[in-house]
Structures are given as C-alpha cells and as structure tokens.
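One-based numbering along the sequence shown. Atom set for the values below is all heavy atoms of this structure, side chains included, hydrogens, waters and symmetry mates excluded.
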Amino acid sequence: FADALKTCRSADRADPAVTFREGLAHEGQGDPEAAAAAYRRVTAAGAGGDLLLWARAALGAARCTDDPAEAGQLLD
C-alpha cells in the first residue's frame, strides 16, 4: 500500500479517482482517519460527476467511522 500511496501522491491530485485510490491505500495501511478524509474529499467534490465513484467514496467514508450515526449521515 505504501507504493500505491506514493503513486497517488505523484499523480494528478485534482482527479477524484486518484483521491479515491489514495483513500484505499490509507485504509489498507490501517489509517482510517486519513482514508476517510480522502473519501470525503471525493464526495465533497461531487466525484467529478461519476455517481459510482461518489457512491464508493461515501461507502468508504462510512466504513472508516466508528460512529453509526455519522455513517448513516454519510450515506444519506
């Protein structure tokens, strides 16, 4: 996951798909806070108009929280 994170950091940071992959790499490294932050950046940006990417990022953010109420809000 460390190599994937390096690749994401050197890629186009404005691309929501890259930011999503960054979240996956953080999650794989056991850093749910950083992963959730990346996923939230994707959803906040509207995922570049890609509804499936937005949904995957919203699910990722919900998966990274310990608070069921917050997870529900992320998926509303």
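Proximity of Leu53 to Pro16: side-chain heavy atoms (C-beta onward) are separated by under 4.5 Å at one or more points.
Residues in residues 35-44 take part in these salt bridge (charged side-chain N to carboxylate O under 4.0 Å, His left out) pairs, two or more places apart or across chains: Glu22-Arg41, Arg40-Glu70. The ring pair (Phe, Tyr, Trp, His ring centres under 6.0 Å) pairs that include a residue from residues 33-76 are Phe20-Tyr39, where partners are two or more places apart or lie in different chains.
From Leu24, atom CG reaches atom OG1 of Thr19 across 11.0 Å, with rounding to the nearest 0.5 Å. Atom-to-atom distance recorded for Glu33:CD and Cys64:SG is 8.5 Å, nearest 0.5 angstrom.
The shortest non-hydrogen separation linking Ala57 to Thr43 is CB-CG2, 3.7 Å.
Residues passing the side chain to side chain donor-acceptor pair (under 3.5 Å) test with Arg56, sequence neighbours excluded: none.
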